[in-house]
Each structure stands twice: as C-alpha cells, then as structure tokens.
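Keep in mind that this is a model prediction, so the values were computed, not measured.
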Amino acid sequence: MIRITMFSAAETVPGQGVGSAYRELVNLLTDRFPDKFDLKFNSLSRTDISHYHTINFGFFLNTFLPGRGTKIGYVHFLPETLEDSINLWSPIKKIFYWYVMTFYKRMDQIVVVNPVFIDKLVALGVAKEKITFIPNFVSKDEFFPIPDNQKAGIRQKLSLPEDAFIVLGVGQVQVRKGVLDFIQLAKDNPKWTFVWVGGFSFGAITAGYEELKKVVDNPPKNLIFPGIVDRGLMNDYYNAADVFLLPSYTELFPMSALEAFSTGTPTILRDLDLYRAIIDGYYLPANDRVGMQTQLNQLAADQTLQHQVAQQSLAASEYYSAAHVSRIWEDYYITQLREKTDGGHE
C-alpha cells in the first residue's frame, strides 16, 4: 500500500471551497482505494507521500523533517486571487504573498485545479515540469437531481416561496465573489427570489466587509442570506433553485459550479478565461451584470432553454465525476511513488 499523509486545516474555517474539495478527495480515496492507499491525517510518521492542502506555517516547518516522502502541494489559490478577498496591511500582505510562493516552491510536485494557472506559477518561479493539472470533482452521492414533484417540499423545508423563480448564489460573502452584482440584480428584479448561501469566513478582514454586512443584516425583501449552512443541506438548495448564478470575478475551479452541474441546475457564470479552459459549453456566460440580467430573463421565460442548459450541466457533471477523476488521482499517486523509488528522492 502507498502511505499518504494529508496535511490540511481546510475544514477549520467553514464555508470554503477548499474545504469542500479536500473532503471530496479524502472521501474518494477512502471509498475507492481502501486496499491501495493508506491515509493518515496531519501525522508526522514516515510516509511515501505528503500531500499539503493548506499552507499553514506548521505544515511548512514539517516539510524539513525526515520521512516526508514526495511533497505534493495542492494549489487552490495564488497571491493574485487573494487580492480582492482579504484586506491586509501592505507590508503584511507582501510578506504573506512571499510566504505563499515559498511554500509552493518547497514542494516536489504541484497540483493545480485549473490549467490556466500553470503559466502563472511558472512566471512566479515554479518549474513547469513539477506542475500537474487535476480537476476538482463532486460526488454524485451528495449532489444529484431531485425529481420535480419533490421540489415544492424542498422549498417548504428551506422556507423558500414555492411558486417563485429562484436564483441561487453560493460562496463566501465578499467582493471577489461578485456579491454586489448579485445584490443589485435582486433589487432590479423584485418579483424573483434571490438566495445567497455563504457567510463571512474571514470575518472583518473580508474585502468590502462593512458595505456587505449592511446588506446582509438588512436585505431587500426578495433577497435571502441563510449564512453558512450544513453541507448536507446544499443539495436541497441547488435543487430548489431555478438557476445557479456565480458572478465571481476570479476563481480557480469553483466547487459550487460543479455542485450545481451535478444537480442539473441551469448555470450562469461570469465569462472568465479560466472557465473556458475547463467548462466551456456547459454554462451560460455573461460578461457583466447586464449580461447576467439578459441570461436570467431568457431562462425565466423559456422552459425549453431551462431544460437544455440543465442537460449541459449534467453532461459536465459526468466529465467531472468522482469515477473519472479517481482514475487520474490513482495514476498520479502511483507515478509519484515510482519516480521517488527510481530517482531515489527522500
């Protein structure tokens, strides 16, 4: 068996996509490869592979200890993707960004969830031959379509209006996620119901915290902020919605979009270059809030279009399913062990 130690603090802060991606991978390896991979968590015992999911300083220090095997860094963000997420004093920010890249460069191998970031990492000093693209995925056991005849009951369970056209957004409440556009769309469309699931995971240092907190505390009547909810409820929220809208300005590979795809929920995303590299053709693109309004109008008025885009979502979920991605991870870990053995690296 290949010994793999997972180093992660991703689940200590609720409501983050990094935590969702980490949990999905751990569940996948545990369920599908119980006789092939021996998993340990935040352990300093000898191992064949150390897989670092978060960049905690304690994890950085343990990379210098013996017995770490091949060190794999999982890149869920770059300094530029943090720019609009948190407010830090400029000197602190420079030190933190330097630390992020120092951590990544300390790794023997890097895994990115979006191929667009390969060249960005190379430009920041990471050797290209160390970088591998492996996409995110979601489990169909957790995210799946619910029959239409059950949706009224789900809306009632979630205290959502049964007959409304419901637009769902998911993610941390921050400027980078495009929440201000989501709020304005709610104000512009009082006959529709808008729901944003997520909260202030970084508290008061969240970019735009004061402005956003005022709206969260006193939203328009048709805008609901349930806050950070239990992951077990998320399938209900996606299925209760008529459309999933993610107006985010920067992402690596949004778990929320994959979750929406897996439930067959028609999806609108801001038209970003990095989406075209991984999920082009599976969603309705919009350049700005005006474009989002246009796409929402079309979906609200055309049930045939709703069905068509729902089918696109389900097609994406097949490609980014656990079954498909599990084979990629299996090959990757086996390759890393073989190269360690052949190359004689610690």
Side-chain angles (χ1 to χ4, degrees), residues 2-33 37-45 47-65 67-79 81-82 85-86 96-97 99-115 117-118 120-121 124 126 130-139 142 171-172 201-202 228 231 251-256 258-259 320 322 325-326 328-333 335-337:
I2 299 176
R3 297 171 298 174
I4 302 173
T5 301
M6 300 292 191
F7 290 98
S8 175
E11 295 178 307
T12 58
V13 179
Q16 291 192 97
V18 175
S20 298
Y22 169 73
R23 181 47 49 193
E24 291 283 6
L25 179 58
V26 168
N27 289 345
L28 177 145
L29 297 176
T30 302
D31 294 344
R32 292 177 180 264
F33 306 108
F37 301 137
D38 177 19
L39 297 187
K40 288 186 171 58
F41 303 94
N42 298 339
S43 167
L44 295 181
S45 59
T47 189
D48 298 310
I49 293 172
S50 293
H51 191 159
Y52 296 88
H53 294 260
T54 56
I55 60 168
N56 302 64
F57 187 61
F59 297 162
F60 178 71
L61 293 178
N62 82 42
T63 67
F64 295 94
L65 297 176
R68 292 301 89 225
T70 299
K71 295 178 282 289
I72 297 173
Y74 210 169
V75 174
H76 294 283
F77 60 86
L78 295 178
T81 63
L82 295 172
S85 297
I86 54 176
F96 180 60
Y97 288 2
Y99 169 72
V100 169
M101 293 312 305
T102 300
F103 194 107
Y104 291 158
K105 291 174 186 177
R106 175 66 186 155
M107 299 294 103
D108 298 312
Q109 296 290 325
I110 288 289
V111 174
V112 296
V113 297
N114 192 308
F117 282 81
I118 294 176
K120 293 180 182 291
L121 280 167
L124 290 167
V126 178
K130 292 170 56 171
I131 307 171
T132 301
F133 161 58
I134 302 179
N136 282 336
F137 65 95
V138 296
S139 167
E142 292 189 52
Q172 296 177 50
S201 295
F202 295 115
I228 298 172
R231 184 164 169 76
E251 292 285 347
L252 288 184
F253 197 138
M255 290 297 290
S256 57
L258 291 186
E259 291 163 359
Y320 292 109
V325 179
S326 67
I328 300 175
W329 277 111
E330 180 186 18
D331 291 343
Y332 181 74
Y333 283 134
T335 299
Q336 296 313 311
L337 182 62

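The closest donor-acceptor contact from the side chain of Glu24 to the backbone of Ser139 lies under 3.5 Å. Looking at Lys40, its side chain never comes within 3.5 Å of a backbone N or O of Ile4 through a donor-acceptor pair. Judged purely by atom type and a 3.5 angstrom limit, Arg106 uses its side chain to pair as donor or acceptor with the backbone of Thr63. In this structure, the side chain of Tyr332 does not engage the main chain of Val111 through any donor-acceptor pair within 3.5 Å. Between the side chain of Asp48 and the backbone N or O of Thr70, no donor-acceptor pair lies under 3.5 Å.
To the nearest 0.5 Å, the span separating CE on Met107 from OG1 on Thr102 amounts to 11.0 Å. The distance from the OG1 atom of Thr132 to the CD1 atom of Ile118 is 8.0 Å, given to the nearest 0.5 Å. Rounded to the nearest 0.5 angstrom, Ile328 CD1 and Tyr333 OH are separated by 12.5 Å. To the nearest 0.5 Å, atom CD of residue Gln109 and atom OG1 of residue Thr335 are 10.0 Å apart. Note that CZ of Phe33 and OG of Ser326 are 4.5 Å apart. Values are rounded to the nearest 0.5 Å. We find the CG-CH2 distance between Asp331 and Trp329 to be 12.0 Å, quoted to the nearest 0.5 Å.
Inter-residue side-chain proximity for Leu78 and Tyr104 is flagged as met; some heavy-atom pair is nearer than 4.5 Å. Here the side chains of Phe41 and Val26 are in contact, with some heavy-atom distance below 4.5 Å. Looking at heavy atoms from C-beta onward, Phe117 lies out of side-chain contact with Ile131 at the 4.5 angstrom threshold. Put simply, the side chain of Phe37 does not reach to within 4.5 Å of the side chain of Ile49, judged on heavy atoms. Proximity of Ile110 to Leu121: side-chain heavy atoms (C-beta onward) are separated by under 4.5 Å at one or more points. Within the 4.5 Å cutoff, side-chain heavy atoms of Val126 are placed close to those of Met101. Taking the side chain as every heavy atom from C-beta outward, Thr30 and Leu39 approach each other to under 4.5 Å. Within the 4.5 Å cutoff, no side-chain heavy atoms of Met6 are placed close to those of Ser50.
Closest heavy-atom contact between Leu258 and Tyr320: CD2-CB, 3.9 Å. The minimum heavy-atom distance between Pro135 and Val325, with the atom names listed, is O-CG1, 3.7 Å. Counting all heavy atoms, side chain and backbone alike, Asn136 lies closest to Ala21 at OD1-CB, 3.9 Å. The shortest heavy-atom contact between Ser8 and Asn42 is N-OD1, 2.9 Å. The two residues Asn56 and Ala9 make their nearest non-hydrogen contact at ND2-CB, 3.5 Å. The shortest heavy-atom contact between Ala10 and Val18 is CB-CG1, 3.7 Å.
Of the candidates Val100, Val113, Val112, Val112 is the only one forming a side-chain contact (heavy atoms from CB on, under 4.5 Å) with Val75. A ring-ring contact (aromatic ring centres under 6.0 Å, His included) with His53 holds for exactly one of Phe59, Tyr74, Phe7; it is Tyr74.
For Arg231 and Glu142, the salt-bridge test passes: some basic side-chain N is under 4.0 Å from an acidic carboxylate O. The pair Asp108-Lys71 counts as a salt bridge, with a side-chain nitrogen and a carboxylate oxygen less than 4.0 angstrom apart.
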Exercise for the section: Show your working on side chain to side chain contact (heavy atoms under 4.5 Å, CB included) between Leu25 and His51 and close with a plain yes or no. Expected result: CA-CA 11 Å; Leu25 179 58; His51 191 159; 3.9 Å; yes
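Aromatic ring pairs are classed by plane angle as parallel below 30°, tilted from 30° to 60° and perpendicular above 60°; the pair Tyr52 and Phe103 is perpendicular.
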